[in-house]
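These notes concern the structure reproduced below.
Reckoned from all heavy atoms, side chains included, excluding hydrogens, waters and symmetry mates.
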Amino acid sequence: MRAPGPGDGDVLYTRYGNNPNQLRLAERLARLEGAEKAIFLASGMGATALAHLAVLRPGDHLVSSDWIYGGTRKLFTQEFATLGIDVSFVNPDKRRDWRTKMRKNTRAIFVESPTNPIMRVLDLDWLSLLTKEKGIPLLVDSTFASPINFRPLEHGADIVIHSVTKYLNGHTDVIAGAVAGTDVLVDEVTQRMRVWGQSIDPHCAWLVERGMKTLAVRMERHNRTGMEVAEWLEDQSKVRKVHYPGLPSHPDYDLAKKTLSGFGGMIGFELAGGARSADRFLKALRLVTHAPSLGGVESLVSEPRYTSHAAMSADERASAGIPDGFMRLSTGLEDAEDIIADLARGLAAA
Ligand SMILES: Cc1ncc(COP(=O)(O)O)c(C=O)c1O
């Protein structure tokens with residue numbers, strides 16, 4: 001680290017996010033998202049937390065989509081409560097509720113799209129009309145799309161959040177997050193990152209940059225394999241329902257076709273036999289690994305009841321469209337026919 005001298009400007013220190021590896025990486029993401037600026041943080045959760053802390057103060061109110069990652073829900077309900085930030089949840093299907101849940105002190109709206117794990121796609125062009133009318137920022141967790149498949153800023157969002165752990169890095173070997181948006185908003189996040197100790201180290205930045213060099217070709221493959229596997233799953237008698245925005249049976253198919261450049265590699269599906277069937281299915285797999293996380297080169301499958309949505313009761317999950325027996329599949333870069341053969345093995349045992 002260079003010691004500061006007169007007229008040197010910003011002190012260069014890795015925790016400040018201004019190491020050359022961090023700066024290059026941030027610029028790469030800003031360009032991909034069409035943002036003025038971006039900053040990488042220590043995890044997706046760190047990115048979500050600091051993006052919100054950049055725009056919310058004690059006494060403020062946040063309106064959030066109900067369809068969000070379980071960890072984010074915990075952050076909003078447990079942590080924000082202790083900071084005096086109140087959060088209301090809206091079922092995005094009930095469009096009118098976005099407006100009725102707003103209060104005088106509502107300072108931001110947060111959504112995730114596509115959603116984890118039922119792959120719902122939200123209409124940001126419509127929602128951003130409301131945030132613009134109210135003069136508040138729209139924050140979007142775009143982890144499942146990656147900037148190759150969707151760029152929220154082009155649809156009226158103000159802040160994009162990523163769990164870089166997933167598609168952006170793509171190799172399941174780092175934990176990182178990112179925020180992209182205007183200079184002013186990203187500077188607010190950066191200030192908080194410095195004091196909350198949320199920066200990434202240079203090696204992590206180097207690994208993520210390596211990953212991002214292949215992001216476009218990886219996404220092309222994820223999009224193709226995701227579609228092939230989703231279509232195959234839909235024909236299987238032991239599968240009750242498939243959640244994939246590229247299928248005409250998906251409730252957001254038309255919107256997804258219009259707004260996404262690709263449907264991604266994430267697929268939700270429900271085993272007709274429920275929880276017991278899920279145990280047998282997972283035990284029989286040989287190629288697809290039973291593990292949390294997603295968006296990497298290797299196919300992973302997990303059950304939201306044990307991972308992302310473990311904090312919810314079985315009834316709450318069922319009413320959120322995630323009954324027991326629900327599988328979240330992240331298709332990797334293996335041949336689609338090998339993934340399908342493995343899933344067939346699992347289904348035969350289910
Ligand atoms: C949509 C979404 N956002 C945020 C996160 C949190 O990311 P991280 O694990 O990098 O903190 C996850 C993790 O699964 C996620 O799926």
Side-chain angles (χ1 to χ4, degrees), residues 17 26-41 44-57 59-69 72 75-76 80 83 85-90 92 95 97-99 101-115 121-164 168 177-193 198 255 259-261:
E27 201 182 315
R28 193 181 273 273
L29 180 65
R31 286 199 190 165
L32 282 174
E33 289 290 4
E36 286 175 13
K37 218 175 201 177
I39 185 82
F40 279 71
L41 298 119
M45 284 306 298
T48 306
L50 294 193
H52 284 87
L53 294 181
V55 297
L56 299 170
R57 300 286 174 271
D60 286 349
H61 175 241
L62 169 74
V63 176
S64 168
S65 163
D66 216 4
W67 304 336
I68 56 171
Y69 170 59
T72 307
L75 172 76
F76 290 168
F80 281 14
L83 298 174
I85 297 167
D86 216 7
V87 185
S88 302
F89 294 94
V90 168
R95 273 199 168 191
D97 285 3
W98 288 110
R99 195 174 279 279
K101 290 274 171 87
M102 300 275 278
R103 301 182 193 159
K104 273 203 187 106
N105 58 341
T106 305
R107 293 284 177 263
I109 288 185
F110 170 79
V111 300
E112 196 177 292
S113 183
T115 68
V121 177
L122 271 62
D123 187 349
L124 299 192
D125 291 292
W126 177 83
L127 194 55
S128 64
L129 292 179
L130 178 62
T131 50
K132 297 228 177 327
E133 176 195 317
K134 301 282 179 192
I136 59 173
L138 174 60
L139 292 84
V140 180
D141 182 334
S142 190
T143 297
F144 273 39
S146 92
I148 303 300
N149 282 347
F150 187 61
R151 290 156 302 282
L153 301 180
E154 292 173 2
H155 298 270
D158 299 281
I159 298 182
V160 186
I161 298 165
H162 283 286
S163 167
V164 174
L168 285 178
V179 175
T182 60
D183 277 328
V184 173
L185 286 170
V186 173
D187 284 347
E188 287 284 332
V189 174
T190 304
Q191 275 181 35
R192 278 156 190 80
M193 177 194 78
Q198 283 286 315
L255 178 65
T259 55
L260 304 184
S261 312

Ignoring hydrogens and geometry, is there a side-chain-to-backbone donor-acceptor pair from [X] to [Y] under 3.5 Å?
X    : Y    : result
D60  : R57  : yes
S113 : L122 : yes
S65  : P92  : no
T182 : L185 : yes
T259 : L255 : yes

Taking side chain as C-beta onward, heavy atoms only, is [X] less than 4.5 Å from [Y]?
X    : Y    : result
M102 : I136 : yes
R95  : D123 : yes
P147 : L168 : yes

Taking all non-hydrogen atoms of both residues into account, name the closest pair between [X] and [Y] and its distance.
X    : Y    : answer
L56  : F80  : CD1-CE2, 4.1 Å
L138 : G156 : CD2-O, 4.3 Å
A108 : L62  : O-CD1, 3.4 Å
I159 : L153 : N-CD2, 4.1 Å
V164 : G177 : CG2-C, 3.3 Å
A51  : I161 : CB-CD1, 3.8 Å

Inset, instruction - Output all residues satisfying side chain to side chain donor-acceptor pair (under 3.5 Å) with Q191, sequence neighbours left out; order by chain, then residue number. - result: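 For Q191, no residue satisfies side chain to side chain donor-acceptor pair (under 3.5 Å) once neighbours in sequence are set aside.
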
Inset, instruction - Report the residues that fulfil ring pair (Phe, Tyr, Trp, His ring centres under 6.0 Å) with F144, sequence neighbours left out, ordered by chain and then residue number. - result: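 Per chain and number, F144 pairs via ring pair (Phe, Tyr, Trp, His ring centres under 6.0 Å) with no residue.
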
Inset, instruction - Name all residues meeting the ring pair (Phe, Tyr, Trp, His ring centres under 6.0 Å) criterion together with Y69; count only those two or more places apart in sequence or in a different chain, and write none if there are none. - result: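 Y69 satisfies ring pair (Phe, Tyr, Trp, His ring centres under 6.0 Å) with no other residue.
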
Inset, instruction - Kindly assign one of parallel, tilted or perpendicular to the pair F76 and F110, based on the angle between their ring planes and the thresholds 30° and 60°. - result: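 F76 and F110: perpendicular rings.
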
Inset, instruction - Decide yes or no on side-chain contact (heavy atoms from CB on, under 4.5 Å) for V179 and T190, but give the supporting numbers first. - result: CA-CA 9 Å; V179 175; T190 304; over 6 Å; no

Inset, instruction - Identify, with sequence neighbours excluded, every residue that meets side chain to side chain contact (heavy atoms under 4.5 Å, CB included) alongside A49. - result: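 Scan of A49 (side chain to side chain contact (heavy atoms under 4.5 Å, CB included), adjacent residues dropped) gives L75.
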
Legend entry - Residues which pass side chain to side chain contact (heavy atoms under 4.5 Å, CB included) with L129, listed by chain and number, not counting sequence neighbours: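 None.
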
Inset, instruction - Go through the steps for R103 and T106 under the test side-chain contact (heavy atoms from CB on, under 4.5 Å), then give the verdict. - result: CA-CA 5 Å; R103 301 182 193 159; T106 305; 3.6 Å; yes

Inset, instruction - Go through the side-chain N and O atoms of D86 and H61 and say whether any donor and acceptor fall under 3.5 Å apart. - result: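 Short answer, no.
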
Side-chain donor-acceptor contacts of residues 28-37 below 3.5 Å, not counting sequence neighbours, with atom names and distances?
unit_1: R28; atom_1: NE; unit_2: E209; atom_2: OE2; d: 3.4
unit_1: R28; atom_1: NH2; unit_2: E209; atom_2: OE2; d: 3.2
unit_1: R31; atom_1: NH2; unit_2: E27; atom_2: OE2; d: 2.8
unit_1: E33; atom_1: OE2; unit_2: H162; atom_2: NE2; d: 2.6
unit_1: E36; atom_1: OE1; unit_2: D183; atom_2: N; d: 2.8
unit_1: K37; atom_1: NZ; unit_2: D187; atom_2: OD1; d: 2.6

Inset, instruction - Begin from the C-alpha positions of V111 and L127 and carry the test side-chain contact (heavy atoms from CB on, under 4.5 Å) through to its verdict. - result: CA-CA 10 Å; V111 300; L127 194 55; 3.5 Å; yes

Legend entry - Steps toward side-chain contact (heavy atoms from CB on, under 4.5 Å) verdict (R151, S261): CA-CA 9 Å; R151 290 156 302 282; S261 312; 3.4 Å; yes

